[in-house]
Amino acid sequence: MKQHRVIISCAVTGSVHTPSMTPHLPITPRQIADAAVGAAEAGAAIIHLHARDPVTGRPDQSPEAFGKFLPEIKERCDAVINITTGGAPGMTVSERIQPVIEFKPEVASLNMGSMNFGIYPMLERFSNFKFDWEAPFLEGTRDLVFRNTFKDIEHVLRVGYETGTRFEFECYDTAHLYNLRHFLDRGMLKAPLFIQSVLGILGGAGTHPEDVVHMKRTADRLFGDQYHWSVIGAGAAQLRVATQAATMGGNVRVGLEDSIWLGTGKLAESNADQVRAVRKLIEGLGLEIASADEARERLQLKGAAGVNF
């Protein structure tokens, strides 16, 4: 029997953490490109990308912002590029989908349900901010519903599949898995599905080992052999959850979008540091990591030649 090879995804900047939390968060196009390439060289097969304002670090979902680094990343490495349609809390679905329409990536993320998305507890740990948007941004999530209605999801699916883009389905709780099954039953999805269990966000499932197991059991029951499973552990749980997922036959995602830490009280100095750390754990379990081309084959992607950047 062929041994399972673990697909490592790396989310290099995201929209959750703000520049004042760590000096290592990639913000400028150059920093994002270098971080992406470094993560790929360290072993990440898939690079998940957000964009930011290069001066303030505020999330920026404009195609212009993505266009400043996408071609360079493609030129410098062969990793699969995964563009967010989540954007940042508070953005409309019309804003969030624009980079996918413009650049037609191999993969785009898609959140599978509306939810409370609370990152305001970070205000208890961070209080000195460089930019005037940071504290209100965090506080605003106290009264935020991250909107992903059935209509929103339908729209993103239609746009994506028209361009040959496949999806990383981000599921923050078991209800999102049932939503995903709903769209599969309607014939709007194409197997194999790439399901990302996102654990540890306030408003979604937690990072207890039983939460990890429950998400996997539910996905197995709903999708059988029609999917590939990956897991995110937010914050300090990142490497622990990744290790559990790998032992259960899953794939993993790390990166400064999901956690700014490399260990207790130790900031990760780069995305590549986190990729190397999880790779060491995976290989220590006697497993191997998948290449970008193997990820393309398993997820049935169109290939880098099919993108528009």
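Along the sequence shown, residues are numbered consecutively beginning with 1.
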Is [Y] close to [X] at the side-chain level, that is, under 4.5 Å between some pair of heavy atoms?
X: F131; Y: R58; result: no
X: I27; Y: P19; result: yes
X: S197; Y: R253; result: no
X: F309; Y: K104; result: no
X: V231; Y: V252; result: no
X: L189; Y: L157; result: yes
X: L180; Y: Y227; result: no

Polar contact flag, side-chain donor to acceptor under 3.5 angstrom, [X]-[Y]:
X: S15; Y: R52; value: no
X: T163; Y: T165; value: yes
X: E168; Y: Q196; value: yes

Value rounded to 0.5 Å, distance of [atom1] in [X] from [atom2] in [Y]:
X: L110; Y: H155; atom1: CG; atom2: NE2; value: 11.0 Å
X: L262; Y: L267; atom1: CG; atom2: CG; value: 9.5 Å
X: R181; Y: Y178; atom1: CZ; atom2: OH; value: 11.0 Å
X: I81; Y: E106; atom1: CD1; atom2: CD; value: 8.0 Å
X: I7; Y: H4; atom1: CD1; atom2: NE2; value: 7.5 Å

Result of checking S9, C10, S109, P105 against N82 for side chain to side chain contact (heavy atoms under 4.5 Å, CB included): S109
Say whether, by atom type as modelled, one donor and one acceptor occur between the side chain of [X] and the main chain of [Y] under 3.5 angstrom.
X: H48; Y: I83; result: no
X: E134; Y: K130; result: yes
X: D60; Y: S62; result: yes
X: W133; Y: T56; result: yes
X: H50; Y: G87; result: yes
X: E95; Y: T92; result: yes
X: N271; Y: L256; result: yes
X: T13; Y: P26; result: yes
X: S114; Y: N148; result: yes
X: Q274; Y: S259; result: yes

Between the side chains of [Y] and [X], is the shortest nitrogen-to-carboxylate-oxygen separation below 4.0 Å, so that they form an ion pair?
X: E139; Y: R142; answer: yes
X: E162; Y: R158; answer: no
X: R217; Y: D220; answer: no
X: R96; Y: D152; answer: no
X: R5; Y: E294; answer: yes

Return the minimal non-hydrogen interatomic distance between [X] and [Y], and the atom names on each side.
X: A191; Y: Q300; value: O-OE1, 4.0 Å
X: T141; Y: I119; value: OG1-N, 3.0 Å
X: N179; Y: G113; value: ND2-CA, 3.9 Å

Same cluster (ILVMFWY, side-chain, under 4.5 Å), V6 and L299: no
If the plane angle is over 60° it's perpendicular, under 30° parallel, otherwise tilted; pick one for [X] and [Y].
X: F169; Y: F167; answer: tilted
X: F103; Y: F66; answer: tilted
X: F117; Y: F146; answer: perpendicular

